[in-house]
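Input: a single structure, listed below in C-alpha cells.
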Amino acid sequence: MNKPKASRRPATSSMASGCDDLPRVSQKAVDALFDRLAQLHGAHWHRRCREMGWGTEENGQWVSCDVEGEWLAALSHLSAQHLRCGLQAEKARTAKSLQQRGNAFPPDSAMQFAELCQMTPEGLGLPDFDTAWQALQDHAFTGKPYPHEAIAAAGEHMDLHGMASASYQRMDKHERAFRVYYQQVVERYARGDDLQPQAAIGHDGQLSPAERAAMAGQARAQQQAEASGLPHAMNADQGMRSLRAALKGA
C-alpha cells in the first residue's frame, strides 16, 4: 500500500512565534537534522526511518532522508534557530527517558518533532528565564556581576534601585517586565543582532501606568500561550512597537 502524501500545511503551535524575519528551514537543514537525530538515537532512528519510509534504498543499502519532503513540509515555517531549539529539547527528552525508563525512542512524526521547536533561551545556549531573573536580583541587591551579556542587555531596561526596595507585589511586576525585555534579547540573539537594546524606552520604573499595564498584559498573554501551546499573537519587539504606537495615538 502506498504511503499517503504528507500534508503541506504547517503545524500550528507556539514554536513559530518570534523572529518571523529569519530565513525558513531548507532541505539542507532537514538533511542535517536527520544526521543529528541519527547521532542521538542510533539504530532506533535507522529503524524508525525504515518503518516510516523516510529514506530510500541505494545499492542495497538503506539511506535515511526526507525523500518525500514530509519533514520539510512540517518544518518549513520555522527557522534553523527553531530547529536548534528542537534538537536541544529532543536531547533533554531523550536523557530524561533514559534516566526514568532505561530507553528512549525517536520522534514518531515530523509534526511531533516540530512541537519541540519552541524558541527558548536555553535552546539557543542562553541562560533560561529563571536563571536570568535570579541573576538580575543578585545584581540589584548585591551588585554581583551579570553572568551573561544577554542578562545584562535585558537588565539595562530594569529599575534596579526600585527592585532593591520593592515589596513582594511590586517585585512581581518587575519580574513580568523583565520577562518581556529578556524575550526581546533572545529574539535579537536568534537573528544574530547586537545584544544591546535596540531602543531606549527607559527602565521599567519610568514607564507610565498605561505602559506598565500593557506590559503586564503582554507578559501574562505570553505565559498563557506558552502554557497552552497556542501561538503567540506577536513577538516581544512587535508588542513594544504596538504599545508605543497605541500610547502615541491616545
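Note: Phe113 and Trp71 have tilted aromatic rings, judged against thresholds of 30 and 60 degrees for the angle between ring planes. Aromatic ring orientation, Phe105 versus His44: perpendicular (interplanar angle above 60°, classes split at 30° and 60°).
Interatomic distance, NE2 of His174 versus CG of Leu160, reported as 9.0 Å (0.5 Å rounding). Once rounded to the nearest 0.5 Å, the distance linking CD of Glu122 with CG of Asp130 reads 9.0 Å. A distance of 13.0 Å separates OG1 of Thr94 from CD of Gln99, quoted to the nearest 0.5 Å. With values rounded to the nearest 0.5 angstrom, Gln81 atom CD is found 12.5 Å from Thr120 atom OG1. Between the CE atom in Met158 and the OH atom in Tyr181 there is a gap of 7.5 Å [rounded to 0.5 Å]. To the nearest 0.5 Å, the span separating CG on Leu75 from NE2 on His82 amounts to 11.0 Å.
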Evaluate Gln183 against Glu187 for side chain to side chain donor-acceptor pair (under 3.5 Å), listing each step before the verdict.
CA-CA 6 Å; Gln183 182 62 27; Glu187 291 169 7; 3.2 Å; yes
Begin with the C-alpha distance, continue with both residues' side-chain angles, and end with the deciding distance and a verdict on side-chain contact (heavy atoms from CB on, under 4.5 Å) for Lys96 and Leu98.
CA-CA 5 Å; Lys96 183 178 180 180; Leu98 286 171; over 6 Å; no
After noting the C-alpha distance and the side-chain angles of Trp62 and Trp54, does the key distance pass the ring pair (Phe, Tyr, Trp, His ring centres under 6.0 Å) rule?
CA-CA 10 Å; Trp62 176 262; Trp54 300 333; over 10 Å; no
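Scanning all heavy atoms of the two residues, the minimum distance from Gly155 to Tyr146 falls at CA-OH, 3.9 Å. The shortest heavy-atom contact between Pro107 and Arg48 is O-NH1, 3.0 Å. The shortest heavy-atom contact between Ala74 and Ala114 is O-CB, 4.2 Å. In this structure, Cys85 and Met119 approach most closely via the heavy-atom pair SG-CA, 4.0 Å. When every heavy atom of Asp194 is checked against every heavy atom of Arg188, the shortest pair comes out as O-NE, 3.7 Å. When every heavy atom of Val25 is checked against every heavy atom of Ala80, the shortest pair comes out as CG2-N, 4.2 Å.
Two residues are said to be in side-chain contact when any heavy atoms from C-beta on lie closer than 4.5 Å; Lys91 and Arg36 meet this criterion. Here the side chains of Gln134 and Gln137 are in contact, with some heavy-atom distance below 4.5 Å. In this structure the side chain of Cys117 never reaches within 4.5 angstrom of the side chain of Arg84, judged on heavy atoms. Inter-residue side-chain proximity for Gln184 and Val186 is flagged as unmet; no heavy-atom pair is nearer than 4.5 Å. Side-chain contact between Tyr182 and Ile151 is present, with heavy atoms from C-beta onward closer than 4.5 Å. Residues Leu136 and Met163 are in side-chain contact: their nearest non-hydrogen atoms beyond the backbone lie under 4.5 Å apart.
Between Glu175 and Arg170 there is no salt bridge, since none of the side-chain N atoms of the basic residue sits less than 4.0 Å from a carboxylate O of the acidic one.
Connection of Leu40 to Phe34 is not established within any shared hydrophobic cluster, with ILVMFWY side chains joined at heavy-atom distances below 4.5 Å, either directly or through further cluster members. Hydrophobic clustering of Ile, Leu, Val, Met, Phe, Trp and Tyr side chains at less than 4.5 Å, counting indirect connections, unites Leu22 with Leu126.
Checking Trp133 against Thr131 by side-chain atom types alone, no donor-acceptor pair falls below 3.5 Å.
In this structure, Asp138 contributes its side chain and Lys144 its backbone to no donor-acceptor pair below 3.5 Å. A donor-acceptor pair under 3.5 Å is absent between the side-chain atoms of Asp128 and the main chain of Pro121, judged by distance alone. Looking at Arg24, its side chain does come within 3.5 Å of a backbone N or O of His77 through a donor-acceptor pair. Of the possible polar contacts, none joining the Ser64 side chain to the His46 backbone as a donor-acceptor pair under 3.5 Å is found.
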